[in-house]
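Since we're looking at a predicted model, the values are computed, not measured. All heavy atoms count here, side chains included; hydrogens, waters and symmetry mates do not.
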Amino acid sequence: MITAKNSVTVYYRPGCHLCDDMMAALQGLQSELNFDIKLSDIDQAEHSIRQRYHVDIPVVEYEGEVLCYHFFDEQALRLALQHE
């Protein structure tokens, strides 16, 4: 059962159609799964993050773990947000 409000980070780039698709999918599940979306423009991110994800955006990260990149993985999101 999902209890506390969690936060996922989305590394994106403005104008990226894959990023727009990922955001739309996440927003569609926000109220059901009770999570916030924290946006991070990859071009403005710290150097190590920018190097790591530069060509892999969009990237969805939860508690330091990558849940998906390029395309949305609903099952990975649901599993990550579940609490024991």
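- Contacts of Tyr69 classified as ring pair (Phe, Tyr, Trp, His ring centres under 6.0 Å), with partners at least two apart in sequence or in another chain: none.
- The two residues Cys68 and Phe71 have their closest heavy-atom pair at CB-O, 3.4 Å.
- Atom CD of Gln27 has more than 12 neighbouring heavy atoms from other residues, nucleotides or ligands inside a 6.0 Å radius.
- Residues Phe35 and Leu26 approach most closely at CZ-O, 3.3 Å, considering heavy atoms.
- Linking Ile, Leu, Val, Met, Phe, Trp and Tyr whenever their side-chain heavy atoms come within less than 4.5 Å leaves Val59 and Met22 in two separate clusters.
- The shortest side-chain heavy-atom distance between Leu39 and Ile37 falls under the 4.5 Å cut-off.
- Closest approach of Asp36 and Gln30 over heavy atoms only: CA-NE2, 3.9 Å.
- Put simply, the side chain of Glu61 never gets that close to the backbone of Val66: no donor and acceptor are under 3.5 Å apart.
- Taking NZ of Lys38 as the start and OH of Tyr62 as the end, the distance is 13.0 Å to the nearest 0.5 Å.
- Contact check for Ile49 versus Ile42: side-chain heavy atoms found under the 4.5 Å cut-off.
- Looking at Asp56 and Tyr11, their side chains never come closer than 4.5 Å, going by heavy atoms from C-beta outward.
- Cluster annotation: Tyr53 is not connected to Leu18 through the hydrophobic network of ILVMFWY side chains, with a link wherever side-chain heavy atoms come within less than 4.5 Å.
- Here the closest heavy-atom approach between residue Ala80 and residue Leu67 is recorded as CB-CD2, 3.5 Å.
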Chi angles and distances behind the side chain to side chain contact (heavy atoms under 4.5 Å, CB included) call for Arg13, His54: CA-CA 9 Å; Arg13 180 172 283 122; His54 179 70; 3.1 Å; yes
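- Linking ILVMFWY residues whenever their side-chain heavy atoms come closer than 4.5 Å, directly or via other members, places Val10 and Leu29 in the same cluster.
- Contact between Val55 and His70 at its shortest, heavy atoms only, is O-CE1, 3.4 Å.
- Here the shortest heavy-atom pairing between Cys16 and Ile57 reads SG-CD1, 4.3 Å.
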